[in-house]
2 protein chains.
Amino acid sequence: MSYKIKSRIWIESDKHVLLGEGRVQLLKAIDKTGSLSKAAKALNISYKKAWNLLDSVNKSAKKPVTINSIGGKGGGGAELTDYGKSLILAFDEINKNCWEFLDKQLEKIENL
Amino acid sequence: MSYKIKSRIWIESDKHVLLGEGRVQLLKAIDKTGSLSKAAKALNISYKKAWNLLDSVNKSAKKPVTINSIGGKGGGGAELTDYGKSLILAFDEINKNCWEFLDKQLEKIENL
DNA sequence: TTTCGTTATATCCTAGCAAATATAACGAAT
DNA sequence: ATTCGTTATATTTGCTAGGATATAACGAAA
């Protein structure tokens with residue numbers, strides 16, 4: 001039996017959360033499904049929660065992360081911008097690096 | 001206006017949280033005041049919450065983190081073990097290192 | 001102009017968590 | 001045996017974040 005170091009990272013912009021674990025998940029689901037409502041269903045969260053998250057993301061980002069369209073063919077939809085795509089790639093990479101970093105720190109606690 | 005990467009780290013033992021931001025704060029306050037109830041007051045949290053936290057810490061740690069005494073001179077008290085003291089030192093150091101690490105990663109997001 | 005499946009938004013409602021409260025157990029000192 | 005300030009624990013109360021629900025707005029296509 002041994003200890004584990006876990007972590008949560010997130011990106012803030014002007015005191016507001018821009019990206020976190022859940023928001024990245026949502027953006028990935030939007031990318032996959034092409035719509036916010038389908039993404040919400042896929043993640044098994046309410047549409048309201050998903051909408052609030054996405055709204056918050058776009059409000060705190062420097063540039064738009066998704067393009068949302070209302071009405072029209074298929075009722076509308078949501079898709080990631082190039083900026084949004086590169087944001088989640090960067091987030092994932094940083095997160096992974098952070099885990100590896102923390103794993104190395106574990107020995108400082110293991111043998112106390 | 002720029003982004004910031006924030007983080008929370010915690011130590012788990014067998015799926016249970018051992019140490020986190022709040023628990024470390026509590027342990028420090030116990031160390032300072034010599035009692036759980038005084039520590040709770042100092043941190044402005046309810047005694048119940050403090051007790052639950054401390055109980056959880058001691059239940060998931062390999063060795064005792066505090067020694068609690070009931071009754072007797074002064075009604076009792078709580079004090080950190082050597083193990084507990086070195087745990088919070090290690091936690092603080094790892095946490096600080098993590099911040100510095102993440103700061104270096106920031107550029108990957110800044111100029112996307 | 002009607003249909004369609006979205007996005008967008010407001011309103012209720014509830015479950016679950018936190019705070020508040022109460023009280024028992026304890027043991028050294030007097 | 002009584003007092004004292006703790007630790008330890010149960011119970012009730014209150015609040016709020018989130019879920020459920022409803023519906024408006026939208027615009028392309030037929």
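The chains referred to below are lettered A, B, ... by the order of the sequence lines, with proteins before strands, and numbering in each begins at 1. Just so it is clear, the structure is predicted and the values come from calculations on it, not from any experiment.
- The hydrophobic clustering, which links ILVMFWY residues whose side-chain heavy atoms are closer than 4.5 Å, places A:Leu106 and B:Leu18 together.
- When the C1' atom of C:dT7 is taken as reference, atom CD of A:Glu79 falls 14 Å away, rounded to whole Å.
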Report, one pair per line, the protein and nucleotides 8-10 of chain D atoms (nitrogen or oxygen only) whose separation is under 3.5 Å.
{"from": "D:dA8", "atom 1": "OP2", "to": "B:Trp51", "atom 2": "NE1", "distance (Å)": "2.8"}
{"from": "D:dA8", "atom 1": "O5'", "to": "B:Trp51", "atom 2": "NE1", "distance (Å)": "3.3"}
{"from": "D:dA8", "atom 1": "N7", "to": "B:Tyr47", "atom 2": "OH", "distance (Å)": "3.3"}

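- With hydrogens and angles left out, the side-chain atoms of B:Gln25 and B:Lys28 include no donor and acceptor closer than 3.5 Å.
- For the pair A:Lys38 and B:Lys49, nearest-nucleotide mapping onto DNA chain C gives the more 5' position to A:Lys38.
- Atom NZ in B:Lys73 sits roughly 16 Å away from atom P in D:dT7 (whole-Å rounding).
- Contact between the side-chain N/O atoms of A:Ser37 and the OP1/OP2 oxygens of C:dT7 is found at a separation under 4.0 Å.
- With hydrogens and angles left out, the side-chain atoms of A:Asn58 and A:Thr66 include a donor and acceptor closer than 3.5 Å.
- Inspection of the A:Thr33 and A:Ser35 side chains reveals no N or O donor paired with an N or O acceptor under 3.5 Å.
- Dense packing is recorded around NZ of A:Lys108, with more than 12 heavy atoms of other residues, nucleotides or ligands lying under 6.0 Å away.
- Here C:dA19 presents its P atom at 10 Å from CG of B:Leu53, a figure rounded to the nearest Å.
- If you take CD1 of B:Ile30 and P of D:dT7, they are 8 Å apart, rounded to a whole angstrom.
- Tested against A:Leu26 for a side-chain contact (heavy atoms from CB on, under 4.5 Å), the candidates A:Val57, A:Leu36, A:Ile88 yield a single pass: A:Leu36.
- Rounded to a whole Å, the CD1 atom of B:Ile45 is 15 Å from the C1' atom of C:dA20.
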